[in-house]
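In the text below, chain A, chain B and the rest are named by the order of the sequence lines, each starting its count at 1. When reading the values below, keep in mind they use all heavy atoms of this one structure, side chains included, and skip hydrogens, waters and symmetry mates.
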Amino acid sequence: MQKKRVVFNYPSHLVDQPVISKLVKDYDLTVNILRARITPKEEGRLVLEMEGKRAALEAGLNYMKEIGVDVQSLAQDVKWYEDRCTHCTACISVCHPQALDVNRKTMEVSFNRDKCIACELCIPVCPYQAMEILF
Amino acid sequence: MAKTIEEINEKIRRGKAVVLTAEEIIDYAAEKGVKKTAQDVDVVTTGTFGPMCSSGAYFNVGHSKPRIKLGGGKTYLNDVPVYTGLAAVDFFLGATAMPEDDPRNKIYPGKFSYGGAHIIEELVAGKDVRLTATAYGTDCYPRKSLETYISLKDMNEAVLFNMRNAYQNYNVAVNLSDRMIYTYMGVIQPKLGNANYCNAGQLSPLLNDPYYKTIGIGTRIFLGGGVGYVVGSGTQHNPDVKRTEKGVPKMTSGTLAVKGDLKMMSSKWLKGTSYTGYGVTLTVGIGVPIPILNEEILQYTMIRDEEIWAQVIDYSDAYPQFIPGSLGEVNYKQLKSGKITVQDREVPTAGLSSYLKAGEIARILKEWIETGKFFLTQPVELLPSVDSGIAFKSLKERPIKKRH
Ligand code: SF4
Ligand code: SF4
């Protein structure tokens, strides 16, 4: 089994097509949507995590490309420099997936990479250059 | 029974002083009662670790051979200009100074990734910086240019001197407009998308001594990981504001001016800080010990987050246009919970001042006192309080007459 995080950019004519369910059914993939911005009759953008057999993953991604979806892989290289982090909590209100989260009792900040969708919103917000995304 | 600073210092000397942090004192006093606690506890330690723009450091770099007079010319540390309007080899580096070729906000929002504050952090970390200067030359100081590496240990003096630190309470910043704004209170999302606050609340130094009954000129403090002193009230010190029944200001109020030997400090507690779209600033760690001289002073230190209120201010219009008025009051318990209500809407909060690190500072100072490394001082004069007659002025502009 393999995991892959990708960003799908949909052209407008595909927005109302059940493409994701096709990935699940025909390619036997587990799909976890991390972020979605789809408006009817416009373009769509999906950030998701896919899990499945290596060959099935590849075939599924090829299928998406064939039908006209732009596929990009999501950078895994989001870095939280713990030594630079002052635990100020400035980033907490912009990190919607709660990859950057704070323990409200101790006010200690932590970073959970698995929840990060690389939206980059924390980058301009962090005053200590503690967050970095390498594409 | 009242205590004196001398008596407390004697206990510190004997390793017998009872020291609690401003957080610990709350539950301790609630359990033991005010009377008993005031007898038992000698010192309450406070802390704050937040961005403080009116910070800087002055240096004496020693005379070169042949000599150079930096004053009247141009001097830089790592391309950041310093102020040289002083004697030959003294200069001042401001925290918010930045390289002349930094694009500022020309590419909006600017990154402001490097400036005076970062140099202070690097120097304190023991790093070399580039000192470059040009001068006009005199008979006694003939040299006209200088280029050398320099580090803190090469200098005669290196002194952190901050003219306004440790603000007693601060605004909560929101944005009512429909575009993102970039401020000294951080990035604020449009349409009440978030609310940023900047104070350590119940751990904050001046909120634990709201009328400045123990803090004044000469108060020895934790400063940037070393030892420093309060040299007076800071700029914009404004004690006579709206206060709660317990005397805690409900808005920006008192401030401290502080100094200390930079060579004894640590880069852990002096951090170069970059506010996108705003500029560079220095995050300073400060801890002030409050001697528990009597029950009244103890009661001030028992203040809790839910008893400290701050004003919610719109930074898209009211603040920049200097229009007075608040969108409401919230307390630090609400702010730290992650959500407040403004104009009937739930707004997520984010801090700029680190409560975690403020607590660490209060604990370090506590440990210094417990182990006899740090003694309290009797201030020469207390900070001006509500009866001082200080009135906060805004700038009255007067048109300059054109001369012909
Ligand atoms: S990039 Fe930053 S804000 Fe976005 S999800 Fe990751 S940690 Fe959170
Ligand atoms: S904004 Fe930066 S320094 Fe502050 S808590 Fe987040 S990662 Fe840490």
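Remark: B/Leu356 CG to A/Met107 CE distance equals 9.0 Å, nearest 0.5 Å. Between atom NZ of residue B/Lys271 and atom SG of residue A/Cys85 there is a gap of 10.5 Å, rounded to the nearest 0.5 Å.
Remark: A/Asn9 CG is packed, more than 12 non-hydrogen atoms of other residues, nucleotides or ligands lying under 6.0 Å away. No more than 12 heavy atoms of other residues, nucleotides or ligands lie within 6.0 Å of NZ in A/Lys4, so this atom counts as exposed by the packing criterion. Within 6.0 Å of NZ in B/Lys111 there are 12 or fewer heavy atoms belonging to other residues, nucleotides or ligands.
Using a 4.5 Å cut-off between heavy atoms, B/Tyr278 makes no contact with chain A at all. Only the side chain of A/Val94 has a heavy atom closer than 4.5 Å to any heavy atom of chain B.
Most heavy-atom pairs under 4.5 Å with chain A: of the set B/Gly186, B/Gly193, B/Ala358, B/Gly338, this distinction falls to B/Gly338. Among the candidates B/Ser274, B/Cys198, B/Pro109, B/Pro348, the residue making the largest number of heavy-atom pairs closer than 4.5 Å to chain A is B/Ser274. Per-residue heavy-atom pair counts under 4.5 Å with chain A were compared for B/Thr276, B/Thr349, B/Asn194, B/Asn196, and the maximum is reached by B/Thr276. Taking chain B as the reference chain and counting heavy-atom pairs below 4.5 Å, the highest number among A/Val125, A/Thr86, A/Ile92 is found for A/Thr86.
Taking each heavy atom of A/Ser93 and B/Ala350 in turn, the nearest pair found is OG-CB, 3.7 Å. What you find for A/Tyr128 and B/Pro51 is that their closest heavy atoms are OH-CD, 4.4 Å.
No side-chain donor from either of B/Ser113 and A/Gln129 sits under 3.5 Å from a side-chain acceptor of the other.
For the side-chain contact (heavy atoms from CB on, under 4.5 Å) with A/Pro127, the qualifying choice from B/Val187, B/Thr281, B/Thr273 is B/Thr273, the only one to do so.
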